Undergrad: 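Following this message is one structure expressed as structure tokens.
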Amino acid sequence: MITQEHPKSVIVIFGATGDLAKRKLFPSIYHLVQNEKIGKEFAVVGVGRRPWTNDEFRHNVSDSIQTSIKESKDLDDFTSHFHYHPFDVTNPSSYLELNDLLTKLDSTYQTEGNRIFYLAMAPEFFGTIAKNLKKEGLTATKGWSRLVIEKPFGHDLPSAQTLNQEIREAFNEDQIYRIDHYLGKEMVQNIEVIRFANALFEPLWNNRYISNIQVTSSEVLGVEDRGRYYENSGALRDMFQNHMLQMVALLAMEPPIKLTTDEVRSEKVKVLRALRAVSEDEVSDYFVRGQYASGQLDNKQLIGYTEENNVDKKSQTETYVAGKLLIDNFRWAGVPFYIRTGKRMAAKSTQIVVQFKDIPMNLYYKKGENVPPNLLVINIQPDEGITLQLNVKKDGDAGDSKPVKLDLSNNFQDGINTPEAYEKLLYDCMRGDATNFTHWDEVSLSWSFVDPISDAWKKGKAALAAYPSGSMGPKESDEMLEADGNQWWPVN
Ligand SMILES: NC(=O)C1=CN([C@@H]2O[C@H](COP(=O)(O)OP(=O)(O)OC[C@H]3O[C@@H](n4cnc5c(N)ncnc54)[C@H](OP(=O)(O)O)[C@@H]3O)[C@@H](O)[C@H]2O)C=CC1
Ligand SMILES: O=C1O[C@H](COP(=O)(O)O)[C@@H](O)[C@H](O)[C@H]1O
């Protein structure tokens, strides 16, 4: 059941001394309190191996808030809700002590026995932690208990299945919240509203009127200090299998009969089931993989991927992937969904472009050529908003037209204050709303689609194209669209 107001809970963060907790989780909890989404009835227990005291932990929390939020206030009061419990999560006996602490905090903060276990740690620990939580009785509380799991959820389908079995032995599916932080982004959540709350778009949202849909998520950053993780992941597993496929599912799904968790998920699952499988031999026709070489951006010289720390000098890991997806159902037959994502590209941008089909006949503007197509552009980040490209009469010239952009970005007035993805997702989890988390069916279908692609790449069935840092990816990606008579639309 979804709690409407001021959910109460103890939140146990496994990995509370790590990067994710400091950069995302503590500021998110702070915002929830400041925005009065949660009241005083909460406590946070941090788990890590470092032998910190409560004071040291609270200092670290304070630091994280001051770094990320300009005007922070009431920090002492806020951090007094934070407690640190150091232990190695592979040591089963420590869970009993943790349980005692949770029971005590439950009574101090009147959290009604509700517990969130947030696993902000490397995935190899997920199964062990889930098992010990159940075995030592931490999930047997008078309130609810929920498990939040960070990505990556497995490395391929078999490893994801093993992980799922391990956590399902301790938690039911409806207690498991698999985070995909893109689903917490304001404009990703807006996809459904744009589609289903506007009489203008939904009738056109099909293969009769749409020529193709493009989803881009480009990053300026390189692999930073995550070389070890990224070498085993690459862009296909890091971004495509989860964030990109989730956006495709939201764009392509049928209208759900209700906006409930189960109904929305069930429609997304149908899209993933309808994705046309790409066999190993066809991979090069549908996918391009690339790796950033050295290059320049904003007059700065940038090193190539293989020169990064903890990266093999001969690495074949892709830092860029572009794909052409086909969805074999009545609505989308024949409409390509072009997807691209990569690191060290020219701009940080996540953007969706819906390109409508050409009008049947050109009465205007350079007859014999096509009038520019109508485009609906959904800007997810860094700017939030939508633009609609239409054609209007050219000033003065009778019989001539020009494209104009109807820019609705200014309507998103509270854009800068929209809650951060993690804040929304944490709040959803506290309220028991799993709509914006990924269900096991979605995860397994995504891996089923992705595995043949990575297998083909592993067997060397497709070349790894180099692209200069600071560019928009390899030329092979442009050629993939050109072969269909299409082109990537520029990102904002
Ligand atoms: N950082 C990010 O931006 C993102 C991270 N993620 C995911 O979140 C998870 C955490 O990432 P991140 O915070 O970057 O990782 P870090 O390496 O920064 O942190 C790892 C944490 O795990 C703790 N830890 C490791 N081993 C043990 C152990 N045996 N017992 C108890 N605690 C242990 C560490 O504590 P200590 O050192 O004190 O032992 C530390 O708090 C990963 O699954 C990652 O893929 C997902 C998206 C983005
Ligand atoms: O999950 C991940 O996402 C980030 C990009 O997230 P964004 O919100 O900044 O678009 C990416 O850098 C990282 O490699 C990946 O693990």
Side-chain angles (χ1 to χ4, degrees), residues 1-5 7 9 37 114-119 126 130 139 143-151 153-154 157 160-161 163-198 202 205 241-275 327-332 419 421-449:
M1 216 202 18
I2 298 177
T3 313
Q4 289 313 331
E5 279 189 3
S9 175
K37 295 273 179 56
N114 299 330
R115 292 175 179 178
I116 289 179
F117 301 102
Y118 195 120
L119 309 192
F126 293 171
T139 54
W144 44 255
S145 19
R146 295 176 186 146
L147 184 73
V148 182
I149 299 209
E150 269 299 337
K151 60 170 277 228
F153 198 89
L157 183 58
Q161 281 168 328
L163 173 58
N164 201 47
Q165 255 161 15
E166 285 172 354
I167 58 174
R168 284 298 305 273
E169 277 166 26
F171 291 85
N172 299 325
E173 179 64 31
D174 63 5
Q175 294 176 290
I176 301 169
Y177 290 69
R178 297 178 195 82
I179 287 236
D180 182 314
H181 78 278
Y182 268 56
L183 295 181
K185 289 185 191 285
E186 184 70 8
M187 288 306 292
V188 172
Q189 296 190 352
N190 224 323
I191 294 172
E192 280 175 71
V193 185
I194 292 167
R195 287 190 54 193
F196 304 134
N198 291 297
E202 194 46 32
W205 211 261
Q241 178 268 338
N242 36 69
H243 311 317
M244 306 305 279
L245 284 183
Q246 281 294 323
M247 287 192 280
V248 169
L250 288 170
L251 286 163
M253 72 182 186
E254 294 300 313
I257 54 171
K258 280 187 271 175
L259 286 176
T260 57
T261 303
D262 287 345
E263 297 299 344
V264 174
R265 277 176 175 174
S266 138
E267 296 307 336
K268 280 161 65 191
V269 162
K270 284 187 208 155
V271 174
L272 296 171
R273 281 176 47 210
L275 279 180
I327 299 174
D328 288 330
N329 65 19
F330 226 76
R331 186 186 284 264
W332 294 116
Y422 275 94
E423 179 185 338
K424 283 205 226 185
L425 294 174
L426 201 50
Y427 184 54
D428 283 354
C429 172
M430 292 181 89
R431 292 167 57 244
D433 183 353
T435 313
N436 292 311
F437 292 80
T438 48
H439 189 269
W440 166 243
D441 292 347
E442 296 167 67
V443 176
S444 68
L445 285 163
S446 312
W447 281 124
S448 304
F449 181 76

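Below, each value reflects all heavy atoms present in this structure, side chains not excepted, and no hydrogens, waters or symmetry copies. This one's a predicted model, so the numbers in the text were calculated from it and none came from an experiment. The first residue in the sequence is number 1, and the count goes up from there.
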Undergrad: May I ask you to establish whether Arg178 and Phe153 are in a cation-pi arrangement, using a distance under 6.0 Å from NZ or CZ to the six-membered ring centre and at most 45° from the ring axis?
TA: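 Yes, a cation-pi geometry holds between Arg178 and Phe153.
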Undergrad: Please say which of Leu426, Asn436, Asn242, Val148 ends up in a side chain to side chain contact (heavy atoms under 4.5 Å, CB included) with Ile179.
TA: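 Checked Leu426, Asn436, Asn242, Val148 against Ile179; only one passes side chain to side chain contact (heavy atoms under 4.5 Å, CB included): Val148.
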Undergrad: Measure the acute angle between the ring planes of His243 and His181, then classify it against the limits of 30° and 60° as parallel, tilted or perpendicular.
TA: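 Ring orientation of His243 relative to His181: perpendicular.
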Undergrad: Under 3.5 Å, is there a donor-acceptor pair between the side chain of Glu173 and the main chain of Trp440?
TA: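 Answer holds: yes.
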Undergrad: Among residues at least two apart in sequence or on other chains, which ones pass side chain to side chain contact (heavy atoms under 4.5 Å, CB included) with Leu250?
TA: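 In terms of side chain to side chain contact (heavy atoms under 4.5 Å, CB included), with neighbours along the sequence ignored, Leu250 is linked to Leu183, Val188, Ile191, Glu192, Met253, Lys268.
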Undergrad: Does Asn114 reach the main-chain N or O of Gly143 with its side chain, forming a donor-acceptor pair under 3.5 Å?
TA: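 Here the side-chain-to-backbone pair does not exist.
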Undergrad: For residues Arg273 and Leu445, determine if any side-chain heavy atom of one lies less than 4.5 Å from a side-chain heavy atom of the other.
TA: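 Contact flag for Arg273/Leu445 side chains = yes.
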Undergrad: I'd like to know if Lys424 pairs up with Glu186 as an ion pair, taking the criterion as any Lys NZ or Arg NE/NH1/NH2 lying under 4.0 Å from an Asp or Glu carboxylate oxygen.
TA: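 Yes, this pair counts.
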Undergrad: We want to know whether Thr139 and Ser145 form a side-chain donor-acceptor pair, criterion being a heavy-atom distance below 3.5 angstrom.
TA: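 There is no such pair between these side chains.
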Undergrad: Between Trp332 and Ala252 (side chain of the first, backbone of the second, donor and acceptor by atom type, cut-off under 3.5 Å), is there such a pair?
TA: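 Yes.
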Undergrad: Think Arg431 forms a cation-pi with Tyr427, using NZ or CZ under 6.0 Å from the six-ring centre and within 45 degrees of its axis?
TA: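 The answer is yes; both the distance and angle limits are met.
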Undergrad: If we count only N and O atoms by modelled type, under 3.5 Å, do the side chains of Thr260 and Asp262 hold a donor and an acceptor together?
TA: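 Short answer, no.
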Undergrad: According to side chain to side chain contact (heavy atoms under 4.5 Å, CB included), who are the partners of Glu202, at least two apart in sequence or on a separate chain?
TA: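 With neighbours one apart ignored, the set is Arg195, Phe196, Trp205, Pro255, Arg331.
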Undergrad: Is the side chain of Asn198 donor-acceptor paired with the backbone N or O of Ile194 at a distance under 3.5 Å, no angle test?
TA: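 Yes, the answer is positive, given that a donor and an acceptor are paired below the 3.5 Å cut-off.
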